[in-house]
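Presented below is the structure to which this report refers.
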Amino acid sequence: MNKVAVLYICTGKYDVFWKDFYISYEKYFLPDCEKHYYVFTDAAEIYMEKENLRIHKFYQESLGWPDNTLMRFHMFLRQKAELEKYDYIFFMNANCQALDTITEEEFLPKKKDIIVVQHPGYYNKTNKQFAYDRNPKSTAYIPKGQGKYYVCGGVNGGRAQAFIQLMEELKHNIDVDKKNGELALWHDESHINHYVWTHDNYEVLPPSYCWPEDWNLPMPGKILIREKSKWIFVDMVKSQSLSGKIKAVIKKIIRR
Ligand code: UDP
């Protein structure tokens with residue numbers, strides 16, 4: 001039986017998504033594998049953490065926006081020694097929810113090491129329209145006219161050793177950017193797209209595995225990306241400064 005580590009961050013308000021994520025993944029995600037959840041959170045308690053020994057919770061303070069998502073590889077690699085014991089590792093955004101059975105046959109990489117998922121907003125566009133980082137000073141830079149896929153940051157993974165290598169490479173790139181005062185356009189998503197552009201060890205899955213709620217996509221949904229704004233105050237979470245947070249609150253009050 002394959003052993004799978006599922007990497008999951010829920011700092012700040014994002015713990016609201018954990019219960020439905022967990023219940024749906026237990027039921028539908030790789031049902032024939034032994035799944036372990038690596039949860040990085042500042043929540044005092046999360047659903048089933050006491051009952052299920054396959055939930056491994058690590059205290060992670062909220063780093064603010066965008067470090068809560070950008071610094072994911074730094075968080076995960078602190079558990080590298082544990083993660084090396086698995087056959088496969090997959091990252092899932094907090095607001096993912098499995099909708100239907102996802103088998104090893106359809107989801108695990110076959111001939112390659114890594115799986116990435118085409119972004120639902122770009123699967124039918126050309127690379128000129130992709131939301132790649134166009135800043136040559138960023139390590140996530142991709143020049144115009146290059147690149148075959150635009151993939152989402154919210155669902156990816158693969159064979160454990162290969163995914164650990166990917167995380168180490170992207171952690172390094174993020175550290176270089178930080179030293180140079182650069183921030184990739186779409187944070188971790190820009191970095192993973194740069195990885196895809198510079199490697200060929202991956203297989204590409206359709207947007208069924210990154211299927212936003214309320215979008216009218218022509219393919220069946222397997223992993224729903226739940227609409228965050230129905231659950232959390234997204235503008236507030238993503239404001240980088242205190243004044244930005246205050247403005248977000250005022251905007252919300254005016255909108256009512
Ligand atoms: N995240 C978190 N706390 C935050 C912000 C982000 O735990 O305050 C984590 C969470 O796992 C989330 C992921 O980072 O799913 C990506 O952030 P988000 O979904 O808001 O980014 P987007 O998908 O909008 O680019």
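Predicted model only: the values in this text are computed from it and were never measured. Whatever order the structure lists ligands and atoms in, that order sets their numbers, starting from 1.
In this structure, ligand 1 sits under 4.0 Å from heavy atoms belonging to Ile9, Cys10, Thr11, Tyr14, Trp65, Asn68, Thr69, Asn93, Ala94, Asn95, Lys228, Val237, Lys238.
One side chain, Arg159 or Tyr88, offers a donor N or O that lies under 3.5 Å from an acceptor on the other.
Partners of Glu49 according to the salt bridge (Lys or Arg N to Asp or Glu O under 4.0 Å) rule, which considers only residues two or more places apart in sequence or in another chain, are Lys57. Legend: residues meeting side-chain contact (heavy atoms from CB on, under 4.5 Å) with Val204, ordered by chain and number and at least two apart, are Val116, Gln118, Tyr149, Tyr202. Partners of Asn52 according to the side chain to side chain donor-acceptor pair (under 3.5 Å) rule, which considers only residues two or more places apart in sequence or in another chain, are Tyr22.
Under a 3.5 Å cut-off, the side chain of Lys125 and the backbone N or O of Gly121 do form a donor-acceptor pair.
Proximity of Gln97 to Asp20: side-chain heavy atoms (C-beta onward) are separated by under 4.5 Å at one or more points.
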